[in-house]
Amino acid sequence: MKEAEDIIKPESQHFIEQAIEKDLSEGKNSGRIHTRFPPEPNGYLHIGHAKAICLDFGMADKYGGKCNLRFDDTNPTKEDVEYVDSIKEDIQWLGFTWEDREFYASDYFGKLWDFAVSLIKRGLAYVDDQSAETISEQKGTTTQPGMESPYRDRTVEENLDLFFRMNEGEFEEGSRVLRARIDMASPNMHMRDPIIYRILKTPHHRTGTKWKVYPMYDFAHGQSDYFEGITHSLCTLEFEVHRPLYDWFIDQLKTDDYRPRQIEFNRLNLTYTVMSKRKLLELVKDGVVKGWDDPRMPTLCGLRRRGYTPESIRRFVDLIGYTKVEAINDVSLLEYAIREDLNKRAPRVFGVINPLKVVITNYPEGATENMEITNNPEDESQGTRRVPFSREVYIEQEDFMENPPHKFFRLAPGQEVRLKGAYIIKCTGLKKNDAGEIAEVQCTYDPATRSGGPDSDRKVKGTLHWVSAAHALNAEVRLYDRLFSDEDPSGHKDIDAREFLNPGSLTILEDCKVEPSLAEAKPLDKFQFQRMGYFCVDYDSKKGNLVFNRIVQLKDTWQKVNK
RNA sequence: UGUCCCGUGGUGUAAUUGGCAACACGUCUGAUUCUGGAUCAGAAGAGUUCAGGUUCGAGACCUGACGGGACAACCA
């Protein structure tokens, strides 16, 4: 009965899937689905791009189509090959492939030029000799129509002559532009004779000095879609007002029934995060963070370094969905996604972040036992490992209190606790240093309570992780907190996001103790430090000098109770 | 005082296209646990921004308010 209901109930689709299926059912573009991901190579990809990538490649995948990678490189003054490589790396890391379809808008400069010439010949484009300021003034405002340029009615011959000479380098940058001749009174600003070509003498990273004029975004994007046979051009909401112009150019270009269709979806916003490339660039340039891949950054390389997996990012994107509502997503959902993934996969280890020495006074001096410990209770196939135990161990400072509150299930004078995978110990005394801080805790152990032993079933309130002092590896641990303390740092009109920078976003602890099995850990290896959270080996880590990034803490109800 | 887009539990999304609001995260119980994790069981929480209208029936359709966002770069 229940099963039957499940079968009947259709998967709910988001509005883009619905639109695609409608197009398919109407037989548009002979049933083809072809999308594209069009980054501008002027910065690193961030998790917002991941949302777009998952959609672009995901829709192609779901409907048996293809997705092109196309670099939108129409502005040589801002773009660089440096970014091309990192963008490709990040897309692949996320798990997507464009096969041999790596394209560049600059591949189409010739075709775009020809199209512009054709528009001129049809009286649909003209060269304007006015300054940027004048053109801007004549554009009108959102509430008032614009004025027509005095150059709007030049002859085709004159336009052609000027346009060719613009590209010959005869004129200075900014002295002339090519404009589409549409409607200066349109309520849509983008239709008021938009500039489609400008003079730029900066060499282009791919075409060198071949061109002196470069197409604007609006004149390149839709046409590139058209040239590549794209059927669905998915982009974010802010391009909604560009769509009439997108369609206008396609109308002038198309020769048969095929036409690409632009559909807009909401971009990703995350709480406590800034997402604009400009703001991220500032953080890097001003040294607020250590680089594009600083583990606090929402860039894909930053998240990767932090320890996020591609699976967790794809899962997160899947959870938030695609709509036309401008929403702000809770980072806690991202954290949920990585915990969910790592819970199943990450091996458990013992790592003590803030060590406190415990001496087990009745344990034989110099003795060592190897305790067999499960690597992952969620996945038996990960097996077990041996962890050395001895008379002196480190536990977490926060796991001991001299005067514990009521529900403190950890170590305190007179109280018993289990050292996970080893023995139950009882606190018998403590030593303080001159400053009055607890320097050492003394305990006795009960040999019969060894895990698997005769009294191992005895109930104790708490179980602690530990590391044998004699065998411990020293490690540096970098604890991260949100970069901004405000939920919506860029959402304040009069306050710069920088005002909300969290001074405690990075804490470096250099005297952490981890179990010896971690000696061979390699950068990007991920572990659960039992009870402490998920950690990832940093690129800075070296054998004998381990460095871990905390990805995320475990859920901690005790911490919550304490607040 | 313009055009366009958008308003569903705290947050993000659903509601098979008009049949009486579902899911996830979060929150809160309880069980269980050699991770105060995980797991399991359960609970609270919206009557869909508001007001009219159409309809036997509206979160979906219409009108108008209100609220939020986008648009006036030779950026993308």
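In what follows, chains are A, B, ... by sequence order, proteins preceding strands, each numbered from 1.
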Exercise for the section: Determine, for Tyr126(A) and Arg154(A), whether the Lys NZ or Arg CZ falls below 6.0 Å from the six-membered ring centre while staying within 45 degrees of the axis. Expected result: no
Practice task
Decide, applying a 5.5 Å centre-distance limit and a 30° plane-angle limit (both strict), whether Trp558(A) stacks on G36(B).
Solution key: yes
Practice task
Classify the nucleic acid contact of Lys22(A) as base, sugar-phosphate or nothing, counting any heavy atom under 4.0 Å across all strands shown.
Solution key: nothing
Exercise for the section: Give Gln18(A) one of three labels, base, sugar-phosphate or nothing, depending on what nucleic acid heavy atoms sit under 4.0 Å from its own. Expected result: base
Exercise for the section: Using only heavy-atom distances, determine whether the side chains of Glu82(A) and Tyr44(A) contain a donor-acceptor pair under 3.5 Å. Expected result: yes
Exercise for the section: On RNA chain B, check which nucleotide each of Asn42(A) and Lys324(A) is closest to and give me the residue with the more 5' one. Expected result: Lys324(A)
Practice task
Look at the side chain of Pro377(A) and decide which nucleotide, out of G37(B), A15(B), G36(B), has an atom nearest to it.
Solution key: G37(B)
Handout entry: U11(B): pairing nucleotide in any strand, Watson-Crick or G-U under 3.5 angstrom
Key = A24(B)
Exercise for the section: For Pro39(A), report the nucleic acid contact type (base, sugar-phosphate, nothing); a contact means any heavy atom under 4.0 Å. Expected result: nothing
Handout entry: Any donor-acceptor N/O pair under 3.5 Å between G69(B) base and Glu240(A) side chain
Key = no
Pairwise N/O distances under 3.5 Å, protein to nucleotides 26-30 of chain B:
| from | atom 1 | to | atom 2 | distance (Å) |
| --- | --- | --- | --- | --- |
| U27(B) | OP1 | Lys560(A) | NZ | 2.7 |

Problem - Value in whole Å for how far the P atom of A73(B) lies from NE2 of His221(A) - result: 21 Å
Practice task
Figure out the CZ/C1' separation between Phe171(A) and C74(B), and round it to whole Å.
Solution key: 16 Å
Exercise for the section: Could you check whether Ser186(A) gets within reach of a base, just the sugar-phosphate, or nothing at all, counting any heavy atom under 4.0 Å? Expected result: nothing
Fill in the blank from the handout: Whole-Å distance, Ile395(A) CD1 to G36(B) P, equals 13 Å
Practice task
Using a heavy-atom cut-off of under 4.0 Å over every strand shown, decide if Met532(A) touches base, sugar-phosphate, or nothing.
Solution key: nothing
Practice task
Give Glu398(A) one of three labels, base, sugar-phosphate or nothing, depending on what nucleic acid heavy atoms sit under 4.0 Å from its own.
Solution key: nothing
Handout entry: Lys461(A) NZ to U32(B) C1', straight-line distance once rounded to whole Å
Key = 19 Å
Exercise for the section: Using whole Å, report how far CD of Glu173(A) lies from C1' of A73(B). Expected result: 15 Å
Handout entry: Touch class at under 4.0 angstrom, heavy-atom based, for Gly453(A) against every strand present
Key = nothing
Practice task
Please report, rounded to the nearest Å, how far the C1' atom of U3(B) is from the CD atom of Gln144(A).
Solution key: 14 Å
Problem - Polar pair under 3.5 Å, donor/acceptor by atom type, side chain His242(A), base A76(B) - result: yes
Practice task
Could you tell me whether Arg278(A) and Glu282(A) make a salt bridge, using a distance below 4.0 angstrom between a side-chain N and a carboxylate O?
Solution key: yes
Exercise for the section: Return the value, rounded to whole Å, for the distance between atom CG of Asp218(A) and atom P of A73(B). Expected result: 13 Å
Practice task
Remember a base hit wins even if backbone is also touched, and classify Phe408(A) as base, sugar-phosphate or nothing at under 4.0 Å, heavy atoms.
Solution key: base
Handout entry: G18(B) versus C62(B) - spacing of their C1' atoms, nearest Å
Key = 14 Å
Problem - Residue whose closest nucleotide on RNA chain B lies nearer the 5' end, Gly140(A) versus Glu79(A) - result: Gly140(A)
Practice task
Just do the side-chain hydrogen bond (donor to acceptor under 3.5 Å, both in side chains) check on Tyr246(A) and Asp225(A) with the steps written out, would you?
Solution key: CA-CA 10 Å; Tyr246(A) 181 101; Asp225(A) 286 342; 2.7 Å; yes
Problem - Distance between C1' atoms of U48(B) and G12(B) (Å, rounded) - result: 16 Å
Practice task
Determine whether any donor atom in the side chain of Gln13(A) lies under 3.5 Å from an acceptor atom in the base of U16(B), or the reverse, and answer yes or no.
Solution key: no
Handout entry: Phe409(A) ring center within less than 6.0 Å of Trp558(A) ring center
Key = no
Handout entry: side-chain hydrogen bond (donor to acceptor under 3.5 Å, both in side chains) between Thr309(A) and Asp341(A), intermediate numbers included
Key = CA-CA 8 Å; Thr309(A) 58; Asp341(A) 187 25; 2.4 Å; yes
Exercise for the section: Taking atom P in both A44(B) and G36(B), compute the distance separating them and give it to the nearest angstrom. Expected result: 30 Å
Handout entry: Side chain proximity check, Arg70(A) to His221(A), heavy atoms < 4.5 angstrom
Key = yes
Practice task
Using a 90° cut-off around 0 for syn, call U55(B) syn or anti.
Solution key: anti
Problem - Residues in ring-ring contact (aromatic ring centres under 6.0 Å, His included) contact with Phe389(A), at least two apart in sequence or another chain - result: Tyr363(A), Tyr423(A), Trp466(A)
Practice task
Tell me, please, whether Phe219(A) has Arg198(A) positioned over its six-membered ring: NZ or CZ under 6.0 Å from the ring centre and within 45 degrees of its axis?
Solution key: no
Completion exercise
Regarding G53(B), purine or pyrimidine glycosidic angle vs 90° from 0 gives anti
Exercise for the section: Pick the C1' atom in G59(B) and in A31(B), then give their distance to the nearest Å. Expected result: 38 Å
Exercise for the section: Identify whether NZ of Lys or CZ of Arg in Lys51(A) sits under 6.0 Å from the centre of the six-membered ring of Tyr322(A) and within 45° of that ring's axis. Expected result: yes
Problem - Rounded distance (Å) that lies between atom P of A70(B) and atom CZ of Arg243(A) - result: 18 Å
Practice task
Would you mind classifying the nucleic acid contact of Arg192(A) as base, sugar-phosphate or nothing, using non-hydrogen atoms under 4.0 angstrom?
Solution key: nothing
Between protein and nucleotides 7-13 of chain B, what N or O pairs are separated by less than 3.5 Å?
| from | atom 1 | to | atom 2 | distance (Å) |
| --- | --- | --- | --- | --- |
| G12(B) | OP1 | Ile328(A) | N | 3.4 |
| G12(B) | O2' | Ile320(A) | O | 3.0 |
| G12(B) | O2' | Asn329(A) | OD1 | 3.4 |
| U13(B) | OP1 | Asn266(A) | ND2 | 3.0 |
| U13(B) | OP1 | Thr323(A) | OG1 | 3.3 |

Practice task
Check Lys344(A) against Arg348(A) and note the closest heavy-atom contact, atom names and distance.
Solution key: N-NH2, 4.4 Å
Handout entry: Centroid separation Phe71(A) to Tyr83(A) less than 6.0 Å
Key = no
Problem - Test side chain to side chain contact (heavy atoms under 4.5 Å, CB included) applied to Tyr197(A) and Val213(A), Val127(A), Thr74(A), the passing residue - result: Val213(A)
Exercise for the section: Looking at every strand, decide which applies to Thr77(A) at a 4.0 Å heavy-atom threshold: base, sugar-phosphate, or nothing. Expected result: nothing
Problem - Between U17(B) and U1(B) - P atom distance, rounded Å - result: 43 Å
Exercise for the section: Report yes or no: is there a donor-acceptor pair, N or O only, under 3.5 Å between the side chain of Arg531(A) and the base of G36(B)? Expected result: no
Handout entry: G68(B) to C56(B) separation - P atoms, rounded to the nearest Å
Key = 38 Å
Exercise for the section: Using a heavy-atom cut-off of under 4.0 Å over every strand shown, decide if Asn188(A) touches base, sugar-phosphate, or nothing. Expected result: nothing
Exercise for the section: Please measure how far the C1' atom in A46(B) lies from the corresponding atom in G10(B), and state the result in whole Å. Expected result: 11 Å
Practice task
For the side chain of Asp556(A), starting at C-beta, report the closest nucleotide among G36(B), C71(B), U3(B).
Solution key: G36(B)
Practice task
Using a 4.0 Å heavy-atom cut-off across all strands, classify Glu40(A) as base, sugar-phosphate, or nothing.
Solution key: sugar-phosphate
Exercise for the section: Have a look at Gln559(A) and say if it touches a base, only the backbone sugar-phosphate, or nothing, with a 4.0 Å heavy-atom cut-off. Expected result: nothing
Exercise for the section: Quote, to the nearest angstrom, the C1' distance that separates A15(B) from C20(B). Expected result: 12 Å
